[in-house]
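Beneath this line is the structure, given in structure tokens, with notes to follow.
Remember, predicted model here, so these are calculated numbers, not experimental data.
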Amino acid sequence: MHLSLDTQQINQCREYAKKVVAPMMTDLASYSTVTVERTVLRLLGIDGINRFDVPYPNVIIDHLKATGMLEKGAAFAMAHALNDTQLSPQAIAEAVDEGTLDLSRYKTANQPDMTRLLEAFTSIKKRIDQQTALRRSQRQHPRDKAVPDKYVIVATGDIYEDIEQAVSAVENGADIIAVIRTTGQSLLDFVPHGATREGFGGTTATRENFRLMRAALDEAGKRHGRYVQLVNYASGLCMPEIAALGALERLDMMLNDSLYGIIFRDINMQRTLIDQYFSRVLSAYADIIINTGEDNYLTTSDAYEHAHTVIASQFINEQFALKAGMPSRLMGLGHAYEIDPARPDSFILEFAQAQLSRQLFPNAPLKYMPPTKHMKGDIFMGSVQNALFNMVAVMTHQDIHLLGMMTEAIHTPFMSDRALALDNAAYVARATASFSEAFDIKPNGPVEQRAQHVLKEALDLLQVIAEEGLFTTLEKGRFAGIGRGRTQGKGLDGVFRKDSLYTNPVLEHLQDALKEGLR
Amino acid sequence: MHLSLDTQQINQCREYAKKVVAPMMTDLASYSTVTVERTVLRLLGIDGINRFDVPYPNVIIDHLKATGMLEKGAAFAMAHALNDTQLSPQAIAEAVDEGTLDLSRYKTANQPDMTRLLEAFTSIKKRIDQQTALRRSQRQHPRDKAVPDKYVIVATGDIYEDIEQAVSAVENGADIIAVIRTTGQSLLDFVPHGATREGFGGTTATRENFRLMRAALDEAGKRHGRYVQLVNYASGLCMPEIAALGALERLDMMLNDSLYGIIFRDINMQRTLIDQYFSRVLSAYADIIINTGEDNYLTTSDAYEHAHTVIASQFINEQFALKAGMPSRLMGLGHAYEIDPARPDSFILEFAQAQLSRQLFPNAPLKYMPPTKHMKGDIFMGSVQNALFNMVAVMTHQDIHLLGMMTEAIHTPFMSDRALALDNAAYVARATASFSEAFDIKPNGPVEQRAQHVLKEALDLLQVIAEEGLFTTLEKGRFAGIGRGRTQGKGLDGVFRKDSLYTNPVLEHLQDALKEGLR
Amino acid sequence: MKPIPKAIRPYGDTLHDGKVQISFSLPMPSDAHGEAAAKAVAQSMRLVDVAVVEQRSLGKDYSFYVVYGTLTETVDPSTLKVVDHGEKAMRKTDVEAFINEHFQAPLVFIGASTGTDAHTVGIDAIMNMKGIAGHYGLERYEGIEAINLGSQIDNEVLLEKALEVNADVILISQTVTQKDMHIRNLTAFVELLEAEGVRDRFLVIIGGPRINHALAKELGFDAGFGPGKFAFDVASFAVKALAERGVKTR
Amino acid sequence: MKPIPKAIRPYGDTLHDGKVQISFSLPMPSDAHGEAAAKAVAQSMRLVDVAVVEQRSLGKDYSFYVVYGTLTETVDPSTLKVVDHGEKAMRKTDVEAFINEHFQAPLVFIGASTGTDAHTVGIDAIMNMKGIAGHYGLERYEGIEAINLGSQIDNEVLLEKALEVNADVILISQTVTQKDMHIRNLTAFVELLEAEGVRDRFLVIIGGPRINHALAKELGFDAGFGPGKFAFDVASFAVKALAERGVKTR
Ligand code: B12
Ligand code: B12
Ligand SMILES: Cc1ncc(COP(=O)(O)O)c(C=O)c1O
Ligand SMILES: Cc1ncc(COP(=O)(O)O)c(C=O)c1O
């Protein structure tokens with residue numbers, strides 16, 4: 001099955017998207033953020049919380065801020081301290097916390113010797129490398145599978161219940177488990193610690209929770225003879241920190257999209273775009289697939305009228321990912337079947353959109369979201385809406401197939417909701433297996449015309465964005481109709497201009513590794 | 001959308017089917033049955049029951065039997081009595097019942113003058129003609145509609161509850177209401193009388209029940225600006241009688257298929273084939289669409305392996321209908337989405353089968369049955385199975401779309417089951433409206449190959465049947481794997497060889513009218 | 001497997017959270033009054049935190065509701081009487097070996113779908129060669145003679161034939177259950193056996209979509225089998241029971 | 001429309017047959033024991049004639065059931081307190097005419113999705129120009145000034161702004177309801193109003209997928225609107241209530 005599309009238009013889309021992204025990268029290159037620096041600290045091995053439950057990375061950053069050291073970067077201060085004290089990074093953090101060490105007092109001025117710091121980093125990186133190697137040896141990449149990977153969420157708020165639910169999902173056929181985060185975590189400027197049991201609408205993302213779930217899935221996967229992928233959110237105010245924790249605890253995918261945070265969480269755009277760069281470098285290094293959030297636009301705007309905004313945003317997200325050294329195979333670009341079921345030809349229109357995304361990003365493991373906004377309390381009709389969505393997912397070979405829940409409009413999924421959703425998807429995949437061998441898209445028929453139309457609209461939009469600049473686009477609310485000011489939103493106070501002495505050898509190391517193709 | 005099929009094979013199928021049916025017609029021409037004769041009586045205006053609840057038509061036939069008159073036919077006796085007594089047909093029946101009149105004693109021997117009999121018939125026929133005209137002026141023929149007619153059943157056992165349920169269904173979008181018959185009625189050799197309230201798995205088919213439901217649907221239809229069609233069963237041991245009652249009470253469709261009765265009700269094949277001929281003449285005359293029961297084969301045999309038996313039987317049923325003077329537009333040939341959902345490509349295979357039927361019988365209003373056998377107590381998955389079936393129904397333009405119920409495996413439909421089924425079908429029809437403009441069947445792809453394969457198998461089977469004869473085929477259980485003996489089964493005792501004086505001017509009149517194209 | 005607690009509730013996403021989904025129609029229009037009635041119905045089912053998540057009209061006099069709520073009752077699974085067929089069923093070959101070892105003559109099984117019930121797929125699944133879902137039917141069992149009378153067989157006819165062929169086991173299938181048709185028909189058969197004084201001559205086993213072992217015992221049969229049960233389950237139970245009774249044993 | 005009887009039961013296919021569908025999971029494996037427990041659960045819900053029509057494993061420790069049964073309880077609809085918004089809502093043009101007739105200054109409505117709740121579609125549907133499903137939002141109403149603060153607005157911030165702009169009506173949307181988040185957050189707002197002694201200064205109206213008028217009243221708000229309610233419903237209610245209170249009236 002193939003849509004005939006204008007390749008020149010496609011190339012132009014990419015060109016405009018490049019034009020959108022390039023100036024962002026140079027504009028933001030001279031800035032860093034508190035969470036980027038905390039990530040550096042985490043990658044040196046600093047972990048845990050103090051007696052006031054403040055994570056040590058935050059303790060240090062607060063200290064650097066208080067002592068006017070932040071602008072030089074965490075690595076600068078840490079390298080000095082490591083050289084001066086001969087303590088471990090963790091011991092340094094504890095000493096800072098106790099007030100027995102002041103990082104603004106270091107022996108030699110200027111750039112410190114980075115050997116000890118890089119040693120510390122290397123030992124942490126080894127764990128990432130081991131996890132990455134383990135994943136590589138066990139996971140079949142979603143893009144290489146004949147049938148989309150079945151992705152379900154758990155969101156009880158309690159990591160131990162989440163595990164029960166996740167294991168049951170694996171037993172019922174899930175390939176991917178995403179642990180949804182508790183409401184509001186994205187606005188926290190620190191990563192909570194330990195195993196947690198009381199989230200709302202999701203479970204707190206913590207390193208320990210990652211570890212517990214990873215172990216449970218490894219075990220359940222082993223019992224069922226397959227590798228089960230784990231997903232969490234490298235998003236919000238701690239984007240790169242969570243990316244780092246994900247790399248360490250072998251998460252396989254990470255929701256990671258600044259545009260989402262800007263639009264739907266009112267996170268400051270400068271802040272999150274800087275954070276996103278580091279996150280994507282890290283995920284690229286660790287071979288973690290990112291998931292972008294274009295699907296969300298259609299939860300607010302109409303899916304028919306705004307279909308092209310999704311495509312335009314996918315092109316932009318592709319460029320952001322490329323800039324971070326990420327190959328297409330890790331770009332889980334998002335889109336969704338959010339069309340109003342009252343609209344005639346909803347299936348045909350969504351088929352066109354899904355096939356368009358498929359052909360525009362042939363190597364990307366596309367993330368396809370189910371109907372959510374137009375799901376109602378009628379769980380029977382909901383099952384039917386999900387079935388049509390499942391058909392499109394399978395027929396157009398999407399890769400990361402988020403299963404719709406019949407109870408979408410009611411509650412975060414019950415165990416049985418998930419099992420029924422898995423049955424639905426498995427049945428549909430089986431029933432329509434040969435669809436693409438059995439049918440052709442009619443040249444110039446409704447599917448093709450719709451796809452061509454959406455592509456052209458996306459192109460026009462990208463041109464506008466390239467001209468006005470992404471910040472202006474976001475101010476104007478062109479995505480999801482929600483406008484956000486350049487200097488508004490949460491987390492701007494965590495952005496700082498780099499000092500001339502600023503250094504981040506951790507990031508550089510990862511960048512070099514990516515360049516050398518060490519991934 | 002079009003399947004490339006071998007027209008020569010199609011022609012051969014029709015030729016063989018003709019060869020199957022022709023000898024049946026001549027073989028059976030010299031026989032009649034008790035219910036045929038009772039139908040004649042009904043068409044003369046005889047109705048009602050005696051004080052032992054025996055319908056007057058039965059009273060007379062029993063009397064004719066007892067007096068050795070049956071072989072001459074009911075018309076013979078009645079014409080004499082009408083001429084001799086100057087009573088009305090009903091008065092004659094009552095007199096016979098009271099024992100005051102003996103129909104074996106008539107004044108002139110030999111064939112009586114038919115004038116008075118035909119007068120009686122004509123006044124009844126007028127009602128049929130009026131009903132037919134009314135339907136013609138109000139109903140849009142299913143074959144002429146863009147979207148299949150949505151057909152749901154009611155089966156509470158109580159005609160008054162049935163009406164509540166049916167009216168609700170109309171309010172929720174149903175186009176056709178079928179009142180399922182009570183278990184076991186098909187084996188009764190009389191038609192029960194009056195409004196009834198205690199059927200099992202269905203409601204007794206009586207003239208009064210027909211009338212009550214017809215009135216309720218006319219009223220509900222008026223409120224919703226459309227003509228709602230009513231269906232019942234001209235099948236079982238009273239096949240032609242019920243066809244007559246249906247014509248009188250303006251039923252719009254009649255399940256009518258001797259093969260079904262033979263196989264699934266163990267009705268004697270000679271009996272029911274004779275009955276069927278008269279029924280179809282009547283229905284053809286009254287412009288009533290018949291529904292055949294090939295779908296049922298797949299409730300017993302596997303839908304994949306026995307797909308061709310359905311096609312072969314459709315060809316045979318077509319010939320039986322043609323012999324009775326029925327145009328294609330009244331042939332609601334049956335088939336079904338009874339495939340095992342565990343089978344890979346179930347959707348693709350059923351699509352092929354539905355499109356094949358569609359192309360083989362382009363003018364017939366096809367009756368398409370939902371999944372039933374493979375429905376389980378999982379009502380959520382059931383909704384999904386029904387959705388895929390609904391898609392095929394719409395995509396291949398079936399005409400009479402029997403909606404699947406999510407509770408198929410549990411109970412006869414509740415009011416809400418029907419409403420949800422109607423929503424399901426309406427949504428799917430809307431969502432996939434342009435499917436056939438948007439997609440082509442791939443030449444030589446899985447759909448086309450499957451359709452060609454099934455056609456070829458049907459052809460081979462028809463050849464075998466043409467050679468061995470239909471009775472032998474039925475004995476061998478080639479349909480649904482259930483074998484039935486030629487002289488076994490219910491109702492054989494109601495078959496008699498016509499006397500040389502036998503006459504049936506009612507049937508002749510209808511045949512002539514059909515020939516003259518008066519329909 | 002974890003041990004089953006003494007007091008359990010339905011489970012949504014937190015142990016014993018009591019979450020239950022219900023749906024039903026009411027003979028009332030769909031409006032605020034209907035919603036209140038739906039909530040009251042749910043409360044009468046001992047639910048709290050009742051959420052009417054969907055309400056729709058079924059026409060002018062009826063309405064439909066989907067409701068979620070929290071059940072306040074608990075059930076103690078350890079107190080439940082679980083009526084099942086005893087030991088694990090033997091496979092076909094083991095049944096055949098068992099027959100060969102314990103019995104003299106072939107065992108005669110006679111079966112039918114009785115009364116007005118015309119459903120044969122269930123009884124065929126158990127008795128015919130082909131069986132179902134990959135499990136052969138009794139006809140294919142060595143040491144068993146299986147006679148399937150088909151459907152719509154009157155109780156009297158079935159008993160007559162069973163006596164005629166000297167059956168050891170009678171199998172009855174019942175599919176139509178509306179207004180408890182099956183219960184009436186099955187009860188009538190037990191009464192017939194008793195009236196004729198032949199209840200003990202046969203092992204009588206029933207089956208169908210709404211039949212389970214508990215119901216069968218309640219109605220006075222020797223065993224009952226529902227969906228997901230196959231010829232080997234039935235054969236296994238039957239041969240063991242016959243051996244126990246010493247019927248045709250060596 | 002038929003009169004509603006005094007004692008009603010759920011309706012399957014015969015008046016007052018009491019037919020109810022339920023489904024739930026249990027923390028037990030799916031076997032005969034699980035089935036018996038499912039039946040017991042259904043019975044604890046005052047169902048008789050319980051049929052477990054489907055049972056499936058959710059993994060080694062959990063199972064799922066679909067059950068039909070007959071509810072023995074009846075509900076008398078005439079005794080139910082139906083809390084609704086009173087008279088039929090006016091259309092947009094009528095609301096505008098009403099405002100023009102009764103009030104002096106434009107009426108100020110301020111709204112937000114509060115707490116950590118980031119869902120805006122509901123409040124936007126009520127407040128923004130575009131509205132939803134063909135019904136314009138309050139911004140488009142002549143005589144109404146609509147200020148939509150968006151989402152994730154703290155209760156304190158909302159109140160501060162409401163005082164600042166001299167709002168007549170405060171609109172609050174709450175979508176996340178897990179663990180009764182919405183109840184907590186809404187209760188906190190009422191407490192805040194009372195603590196600040198300004199409860200009577202505003203008409204306070206809440207909305208969201210799990211909100212209805214009865215709940216709103218219970219929590220101490222002036223009105224509540226759930227799914228299927230639009231700007232004209234809210235506006236209609238608000239202008240009448242304001243007129244009654246004599247706020248800004250001519
Ligand atoms: C196929 C079918 C038919 C076919 C039957 C063909 C045939 N040769 O049997 C046809 C089309 C003829 C038919 C007709 C009717 N049917 Co019907 N039919 C069904 C259907 C779709 C499937 C039943 C089936 O074959 N299941 C598969 C078998 C393998 O399952 P099973 O019977 O449960 O058997 C298993 C076990 O129960 C057990 N078992 C069964 N019997 C026995 C016996 C013994 C001794 C043992 C040990 C075990 C055992 O072992 C089997 C294997 O695991 C069901 C709906 C459904 N999906 O269940 C409706 C259904 C059973 N039919 C129904 C009805 C009402 C009818 C009619 C009465 C409708 C009408 N008024 O015309 C008619 C008349 C039938 C009559 N007089 O009895 C209703 C019954 C409602 C109720 N609860 O009472 C159902 C539920 C459909 C519905 N929702 O309305 N039907
Ligand atoms: C769209 C959506 C989102 C979008 C929101 C985009 C946006 N701009 O709002 C995004 C993707 C961002 C999102 C995120 C999340 N969501 Co959300 N989301 C939904 C979804 C799909 C639709 C909600 C919606 O827009 N409905 C349409 C509107 C028009 O309906 P409505 O709100 O009911 O409004 C009507 C009435 O209620 C009333 N009304 C509403 N507000 C008001 C106010 C007043 C004053 C009045 C008078 C009337 C009124 O009028 C409206 C018109 O009739 C629902 C699922 C669903 N189908 O309902 C999940 C859902 C609400 N989300 C949920 C969750 C858990 C989340 C997250 C917390 C998940 C996570 N952990 O990341 C996040 C975080 C959000 C947060 N911090 O609050 C859950 C809530 C579970 C629960 N019962 O608590 C739901 C039910 C999904 C699910 N099954 O898990 N979500
Ligand atoms: C891209 C993306 N990031 C993040 C989230 C989750 O939000 P939060 O960061 O608040 O957990 C979503 C929600 O679906 C998303 O699509
Ligand atoms: C063709 C046909 N006739 C009749 C019937 C109904 O059977 P009965 O005649 O027993 O009412 C069916 C059942 O679905 C059928 O398909």
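Heavy atoms closer than 4.5 Å to chain C are found nowhere in D:Gln55, neither backbone nor side chain. With a threshold of 4.5 angstrom between heavy atoms, D:Lys19 approaches chain C through N, CA, C or O but not through any side-chain atom. C:Asn212 touches chain D through its side chain: at least one heavy atom from C-beta onward sits under 4.5 Å away, while N, CA, C and O do not. Interface residue D:Val41: backbone and side-chain heavy atoms are both found under 4.5 Å from chain C.
Per-residue counts of heavy-atom pairs under 4.5 Å with chain D were compared for C:Gln43, C:Glu73, C:Met28, C:Lys60; the largest is that of C:Met28. If you tally non-hydrogen atom pairs under 4.5 Å between each of C:Gly18, C:Ala37, C:Ser23 and chain D, the highest count goes to C:Ser23. Among the candidates D:Pro77, D:Ala40, D:Ala36, the residue making the largest number of heavy-atom pairs closer than 4.5 Å to chain C is D:Pro77. Note: C:Leu26 leads C:Leu58, C:Asp31, C:Leu26, C:Leu47 in heavy-atom pairs under 4.5 Å with chain D. Taking C:Leu80, C:Asp61, C:Val20 one by one and counting their heavy-atom pairs under 4.5 Å with chain D, the maximum is reached by C:Asp61. The greatest number of non-hydrogen atom pairs below 4.5 Å with chain C, out of D:Ala42, D:Ala51, D:Pro29, D:Pro5, is found for D:Pro29.
In this structure, the ring-ring contact (aromatic ring centres under 6.0 Å, His included) partners of C:Phe230, at least two apart in sequence or on a different chain, are C:His135.
Summarising the local packing, NZ of C:Lys92 is surrounded by more than 12 heavy atoms from other residues, nucleotides or ligands at distances under 6.0 Å. More than 12 heavy atoms of other residues, nucleotides or ligands sit less than 6.0 Å from atom CZ of C:Arg245. Applying the 6.0 Å contact sphere to CZ of D:Phe98 captures more than 12 heavy atoms from other residues, nucleotides or ligands.
Side-chain contact between D:Gln178 and C:Asp13 is present, with heavy atoms from C-beta onward closer than 4.5 Å. At least one side-chain heavy atom of D:Arg210 sits less than 4.5 Å from a side-chain heavy atom of C:Val53.
Put simply, CG on C:Leu15 and OH on D:Tyr62 are 6.0 Å apart, with the number rounded to the nearest 0.5 Å.
For C:Asp84 (side chain) and D:Ala32 (main-chain N/O), no donor-acceptor pair under 3.5 Å exists by modelled atom type. Using a distance-only test at 3.5 Å, with no hydrogens or angles considered, a donor-acceptor pair links the side chain of C:Arg46 to the main chain of D:Ser44. For D:His33 (side chain) and C:Val82 (main-chain N/O), no donor-acceptor pair under 3.5 Å exists by modelled atom type.
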